[in-house]
Structures are given as C-alpha cells and as structure tokens.
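Structure record follows, encoded as structure tokens.
In each ligand, atom 1 is the first atom listed, and ligand 1 is the first ligand listed. Sequential numbering from 1 along the given sequence is applied to the chain's residues.
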Amino acid sequence: MITKVCCIGAGYVGGPTSSVIALKCPSVTVTVVDYNKERIEAWNSADYDLPIYEPSLVDVVRECRGRNLFFSTEVAKSIEEADLIFISVNTPTKTFGLGKGRAADLKYIESAARCIADYAHGPKVVVEKSTVPVKAAESISRILKANSRNGNCFQVLSNPEFLAEGTAIKDLLNPDRVLIGGPQTEDGQHAVRCLCWIYEHWVSKSNIITTNTWSSELSKLAANAFLAQRISSINAMSAICEATGADVGEVAHAIGTDSRIGPKFLQASVGFGGSCFQKDVLNLVYLCEVLHLPEVAAYWQQVVDMNDYQRRRFSNRIIASLFNTVTDKKIAILGFAFKKDTADTRESSSIFVCQHLIDEGAQVVVYDPKVREASVRRDVNMVCSDPERVERLLTVSEDAYSAVQDAHAFVVCTEWDEFKTLDFQRIYDSMLKPSFAFDGRIILNHEQLRTIGFQVEVIGQASKQRVASGFFE
Ligand code: NAD
Ligand code: UGA
C-alpha cells in the first residue's frame with residue numbers, strides 16, 4: 001500500500017503530474033521536492049503565482065496544496081518518508097564531452113539516484129519519469145545497490161510521461177495510455193502493481209500498459225521521434241507546396257482523412273520547438289550510434305535536420321520578400337513561446353527566426369502574450385554571438401499593436417488564438433508600405449489580409465506575388 005509519494009523535480013512534469021496524483025488519490029500524500037528554492041517558493045506562493053503556466057493547473061493546486069500536496073526543498077526528509085519516489089528531473093542534451101550536442105546529460109538523474117541511496121531507509125519503489133536513454137534504469141539500480149546501507153531494497157520502474165505542454169492537466173486527467181515498465185521478477189511485478197494502483201484511481205485498467213523496463217524506456221523516445229517525424233514530413237511537403245502552388249493545408253487534409261495516416265500532427269509550421277522533440281530525437285540518434293546502427297541514426301537525424309531547414313527557409317523567405325534586405329527594417333515577431341497556451345520558450349522556432357533576422361541587421365520587436373521580456377532576451381542572447389548587437393536590435397513589446405507600429409512586416413511564429421482576432425485594418429494603417437504579413441502557423445484569414453492591402457506569405461503556400469509575376473514560366 002502506497003501512502004506517501006515523493007517527486008524529485010518540481011518542473012513542467014513533476015509539478016502537474018504530482019498535482020493530479022494528489023487530486024485523484026486523496027489517501028496519498030504527495031511531496032514535490034526540488035533544490036531550486038525559488039521554484040519551490042513560487043509553487044507555495046500565497047497568491048498562486050506558480051512557476052509554470054498551464055491551463056487549469058492553478059485550480060488543481062488550489063484544491064490540493066496543504067491537504068495532501070506539498071512543495072518543499074527538504075529532499076532528504078521527503079525521500080526518507082516516501083514509499084514511492086518519482087524522478088522527474090531534467091535530462092537536457094549534453095553540451096560538452098562525449099556525445100556533446102546529442103546524448104542526454106544524465107547528471108541530474110544520477111544525483112537524484114545518489115540522494116535516494118543516501119537518505120532512504122527501508123524498501124522503496126523508484127520510478128523513472130524523466131525521459132532517458134534505454135537502460136538508464138539499470139544505471140539507477142546499480143547506483144542504488146552500490147550505495148545503499150541497511151540492506152535497503154529498491155525496485156526501479158520506468159513510467160515515462162506523455163503530457164504535452166499547454167494541455168498538461170487535460171492529458172494527465174485523460175491519458176491515451178499510462179506506460180509502466182518493470183523488472184520481470186516477483187518483486188519487480190509487485191512494484192508495478194503498486195504504481196498501477198495509483199493510476200487506477202482515475203485511469204481505466206485497459207489504458208495502463210505494462211511492459212519490460214527497456215520497452216518502456218524506448219517507447220518514450222519512439223513516441224516523440226514519430227511525432228516529430230510527422231511534423232518534419234509535413235514541413236518537407238510545405239517546401240514542395242511553396243515551389244509548386246499546391247497548398248499544404250489541402251494536402252494535410254487529403255492525406256489525414258486516410259484512417260491509416262490520421263489527421264493529427266500534420267500542421268505545417270515554422271518548425272517544432274519545445275524542450276523535448278529535438279532533445280529526444282538526438283538522444284535516439286546517439287543511442288543508435290553507440291549501438292553501431294549508423295543507418296538508423298542517419299534516418300532519425302534527418303527529422304532534426306529538416307526542422308532546422310524549415311526555420312532557415314522561413315527566415316530566408318522573409319528576407320527575400322522584403323526585397324532581399326532587412327537591414328534596419330523593423331519586423332514584428334508575434335509569438336515567442338514554442339506553442340500556444342504556454343510561457344515555455346525552450347527551443348522555440350521564434351528564437352531562431354529572431355537570430356536570423358538580427359544577423360541580417362533587422363530591428364526585431366517581439367510580442368508574446370505570456371512570455372516575459374527577460375526570457376526573450378536570455379534566449380536570443382544564447383544563440384546570437386554578439387550581445388551588443390542584440391541589445392541594439394531587439395526590443396520586446398507589451399502588446400501586438402505597439403509591436404507592429406511603423407514595421408515593414410509582422411511574422412506569426414506562435415499560434416496564439418488572440419492573433420486571429422487582431423484588428424488588421426488598424427495594424428495595416430500603422431505599418432510602413434508595402435506591409436508584409438508572414439504566417440508561419442497558417443492561422444490567419446489570408447484573403448481578408450490581402451483585401452486590406454497586405455502582401456501575405458504563408459508557410460506551405462506559394463507566394464501570390466511570385467505566381468502572378470510568372471514564377472512558373
Ligand atoms: P524542468 O527543467 O522543468 O524541471 C526539472 C526540475 O528538476 C528542475 O526544477 C530542477 O531544479 C530539478 N532537479 C534536477 N536535479 C535535481 C535533484 N537532484 N534534486 C532535486 N531537484 C532536481 O524539466 P521538465 O520539463 O519537467 O522535464 C523533466 C523530464 O521529463 C525530462 O526528462 C523531460 O524530457 C521529460 N518530459 C518533459 C515533458 C514536458 O512537457 N516538459 C513532457 C514529457 C516528458
Ligand atoms: C511533446 C509531445 O506531444 C508529448 O507527448 C511529450 O510528452 C512531450 O513532447 C515531451 O516529451 O516533452 P510538447 O513538446 O509539449 O509535447 O508539445 P507538442 O504539442 O507536441 O508540440 C511540439 C512542437 O511541435 C510545438 O512547437 C508545436 O507547435 C509543433 N507542432 C505540433 C507542429 O509544428 N505541427 C503539429 O502538427 C503539431
């Protein structure tokens with residue numbers, strides 16, 4: 001019987017996942033621990049100014065915090081008391097050494113495992129929730145066994161998380177499936193049943209898949225690779241559409257109605273962002289290389305290469321449309337988050353579009369409904385080599401209308417709903433002429449914009465100007 005759960009890592013996964021477990025399992029006390037004091041303070045803030053924005057998250061935290069949900073920096077105490085411990089720490093791409101730029105950096109996983117070994121007394125179920133390379137559970141088990149005292153007994157399970165940001169609470173409450181991998185031993189299977197018991201409070205048994213540990217770890221990487229691959233595939237089609245006059249929206253609809261293909265994840269865009277797709281595909285690529293499977297590695301590497309190409313292609317189209325120079329031209333970037341309904345900007349394609357335009361000397365003005373100025377500056381400075389240039393050319397605006405004032409162009413990089421209902425006549429009147437609209441998300445009413453007078457350039461659609469001037473002759 002599980003009565004106390006500890007979650008190490010109070011981030012995008014640990015926070016929402018623990019909140020939903022606390023909501024659905026009132027008899028279980030859930031403590032989320034993190035060594036980041038500021039983050040924990042924000043989770044505990046009196047006015048519920050939580051460290052991450054997710055629709056409905058605040059309602060769940062309001063209901064459970066102080067009842068059976070706690071946020072704390074007391075890692076040792078929480079580990080000691082818990083029957084079951086989730087490891088939800090970050091697993092970023094390595095930036096140095098062996099596997100640099102591809103392999104997952106497992107130092108946070110290892111430090112969490114060592115903390116568990118140090119502070120645990122008595123048997124514990126340890127659950128790897130972070131996304132990890134296949135066989136990471138074996139390393140965790142070895143660290144635990146080699147460092148534990150008092151003959152402690154640990155069972156290490158894999159339980160990857162499939163939530164998407166912006167819909168985290170919905171995904172957690174109604175998951176397509178929960179995946180649990182564990183050792184095929186009696187104790188291992190007992191631990192699997194304990195974790196199933198937690199989820200069965202709200203997920204039907206038929207939606208809980210149990211596998212061996214390595215299948216579970218690989219399935220997480222595979223799921224993200226397949227999703228990212230679909231986006232790269234439709235983005236590859238968008239390039240053909242722009243060169244031929246086919247429309248990527250029509251192509252996506254036409255192929256998506258084949259029930260074997262299905263309609264989801266066929267939205268062409270300026271490229272996928274987010275903390276995980278690129279990281280996890282590269283992690284898979286590295287794994288294939290280590291396993292001496294170079295053809296398989298090259299196959300998956302193309303998914304990331306296509307994404308980089310799409311971002312560059314979109315920036316190049318902006319520059320080419322603006323008469324091959326953007327130097328000193330004001331360009332408004334609408335949307336900086338990697339998708340709507342989140343303030344997360346990690347690996348957002350907006351960062352790279354800003355970088356390309358700043359490299360060309362454009363005056364870039366960013367507006368995003370949720371992202372704060374400090375995040376925009378931090379991210380752009382991470383990719384631009386010249387901080388003085390960024391300081392001079394990048395500004396962040398409080399609203400869309402001031403961002404576009406006196407601009408040559410606006411560029412939609414994130415599909416925020418509020419962008420669809422902007423007063424485009426007012427925007428047109430305040431911009432320099434000719435006024436350009438670039439839709440990197442295919443969300444605007446292009447005919448309406450053209451009627452107002454904009455030159456409109458859309459991902460996956462040939463430029464009307466170029467078609468009219470005999471592009472196909
Ligand atoms: P995050 O960076 O938001 O949060 C991780 C937290 O762990 C940080 O607050 C960090 O301070 C803390 N931490 C690291 N080491 C620690 C330690 N030893 N002790 C205590 N705290 C420690 O990361 P995230 O976005 O929540 O992702 C976590 C994992 O889940 C990653 O492996 C990621 O790939 C995976 N994942 C993420 C998402 C997502 O939508 N973000 C979805 C599915 C899976
Ligand atoms: C993704 C997966 O969807 C989750 O299942 C997974 O748990 C998570 O990664 C993870 O492991 O971190 P997330 O990155 O939060 O979730 O968001 P997605 O909705 O998948 O979007 C990722 C990126 O792809 C965004 O930039 C989005 O705009 C883009 N995208 C998505 C497209 O360009 N086209 C599409 O059709 C769908």
Task: Nearest atoms (heavy-atom pairs only) where G15 meets S19 - done: O-OG, 2.8 Å
- [ ] Kindly indicate whether a cation-pi arrangement holds for K124 with F154, taking the cut-offs as under 6.0 Å to the six-membered ring centre and within 45° of the axis.
- [x] no
TODO: Could you find the nearest protein heavy atom to atom 2 (O) of ligand 1 and give me its residue, atom name and distance?
DONE: N90 CB, 3.6 Å
Task: For G9, the ligand 1 atoms whose distance to one of its heavy atoms is below 4.0 Å - done: 6 (C), 7 (O), 12 (C)
Task: Nearest-contact summary for atom 1 (P) of ligand 1 - protein heavy atom, Å - done: R39 NH1, 3.7 Å
Task: ligand 1 contact by A112, heavy-atom criterion under 4.0 angstrom - done: yes
TODO: Check the angle between the aromatic planes of F71 and W43 and answer parallel, tilted or perpendicular using the 30° and 60° thresholds.
DONE: parallel
Task: Pair F314 and Y309, ring centroids less than 6.0 Å apart - done: no
Donor-acceptor pairs are to be reported for all side-chain atoms of residues 134-146 against protein atoms at under 3.5 Å, with residues two or more places apart or in another chain.
from : atom 1 : to   : atom 2 : distance (Å)
S141 : OG     : A137 : O      : 3.1

Open item on the list: Checking contacts here: is it the side chain or the backbone of S130 that comes within 4.0 Å of ligand 1, counting heavy atoms only? Could be both or neither.
Closed with: both
Task: Heteroatom proximity flag, R346 to ligand 1, N/O under 3.5 Å - done: yes
Task: Nearest option to atom 16 (C) of ligand 1, as decided by whichever heavy atom of Y12, F277, F162, Y35 sits closest - done: Y35
Open item on the list: For the 3.5 Å polar cut-off, considering only N or O atoms, please tell me whether T131 and ligand 1 meet it.
Closed with: yes
Task: Best match, D34, V89, T167: closest heavy atom to atom 12 (C) of ligand 1 - done: D34
For ligand 2, list every N/O pair with the protein closer than 3.5 Å, one pair per line with the distance.
from     : atom 1 : to   : atom 2 : distance (Å)
ligand 2 : 5 (O)  : F162 : O      : 2.8
ligand 2 : 7 (O)  : E161 : O      : 3.4
ligand 2 : 7 (O)  : F162 : O      : 3.2
ligand 2 : 7 (O)  : L163 : O      : 2.7
ligand 2 : 7 (O)  : K220 : NZ     : 2.9
ligand 2 : 11 (O) : K220 : NZ     : 2.8
ligand 2 : 11 (O) : N224 : ND2    : 2.8
ligand 2 : 15 (O) : E165 : N      : 2.7
ligand 2 : 17 (O) : K339 : NZ     : 3.1
ligand 2 : 19 (O) : K339 : NZ     : 2.8
ligand 2 : 26 (O) : G273 : N      : 2.9
ligand 2 : 26 (O) : F338 : O      : 2.7
ligand 2 : 28 (O) : R441 : NH1    : 2.6
ligand 2 : 28 (O) : R441 : NH2    : 3.3
ligand 2 : 33 (O) : S269 : OG     : 2.6
ligand 2 : 34 (N) : Q267 : O      : 2.8
ligand 2 : 36 (O) : L266 : N      : 3.4
ligand 2 : 36 (O) : Q267 : N      : 2.9

Open item on the list: Return the closest protein heavy atom for atom 18 (N) of ligand 1 as residue, atom name and distance.
Closed with: S111 OG, 2.8 Å
Open item on the list: Ignoring hydrogens and geometry beyond distance, is a side-chain donor-acceptor pair present between T29 and N68 at under 3.5 Å?
Closed with: no
Open item on the list: By the definition salt bridge (Lys or Arg N to Asp or Glu O under 4.0 Å), identify the one residue from R346, K339, K340 that meets it with E165.
Closed with: R346
- [ ] Please check if atom CZ in R372 has more than 12 non-hydrogen atoms from other residues, nucleotides or ligands closer than 6.0 Å.
- [x] no
Open item on the list: Within the supplied structure, the quantity of interest is the number of heavy atoms (other residues, nucleotides, ligands) at a distance under 6.0 Å from E74 CD; does it exceed 12?
Closed with: no
TODO: Among V248, I234, I442, N235, find the one that has a side-chain contact (heavy atoms from CB on, under 4.5 Å) with S269.
DONE: N235
Task: Residue pairs passing the salt bridge (Lys or Arg N to Asp or Glu O under 4.0 Å) test where at least one lies in residues 44-57, sequence neighbours excluded - done: none
Open item on the list: Among V304, N307, L282, I231, which residue satisfies the side-chain contact (heavy atoms from CB on, under 4.5 Å) criterion with F277?
Closed with: I231
Open item on the list: Can you confirm, on distance only, whether ligand 1 has an N/O atom lying under 3.5 Å from any N/O atom belonging to T91?
Closed with: yes
Open item on the list: Closer than 4.0 Å to some heavy atom of S88 - which atoms of ligand 1 meet that?
Closed with: 5 (C), 28 (C)
Open item on the list: For atom 30 (O) of ligand 1, which of the options V13, I116, N224 provides the nearest non-hydrogen atom?
Closed with: V13
Open item on the list: Against the six-membered ring of F162, is R177 placed for a cation-pi contact (under 6.0 Å from the centre, within 45° of the normal)?
Closed with: yes
- [ ] Take Y199 and N159 through the test side chain to side chain donor-acceptor pair (under 3.5 Å) and record every step on the way to the result.
- [x] CA-CA 11 Å; Y199 285 109; N159 171 221; 2.6 Å; yes
Task: Closest protein heavy atom (residue, atom, distance) for atom 43 (C) of ligand 1 - done: E161 O, 3.3 Å
Task: Heavy atoms of other groups near Y48 OH, more than 12 under 6.0 Å - done: yes
Task: Inter- and intrachain pairs under side-chain hydrogen bond (donor to acceptor under 3.5 Å, both in side chains), touching residues 83-94, at least two apart - done: T3-D83, T91-K279
Task: Per-residue contact class, A164 against ligand 1 - non-hydrogen pairs under 4.0 Å - done: neither
Open item on the list: I want to confirm something. Looking only at heavy atoms, which of K279, E165, E128 is nearest to atom 40 (O) of ligand 1?
Closed with: E165
Task: Proximal ligand 1 atoms for L163, defined as those under 4.0 Å from one of its heavy atoms - done: 40 (O), 42 (C)
Task: Min heavy-atom dist V75 to ligand 1 below 4.0 Å - done: no
Task: Atoms in ligand 1 with a heavy atom of S275 nearer than 4.0 Å - done: 41 (N)
- [ ] Could you tell me whether some N/O pair between K220 and ligand 1 is separated by less than 3.5 angstrom?
- [x] no
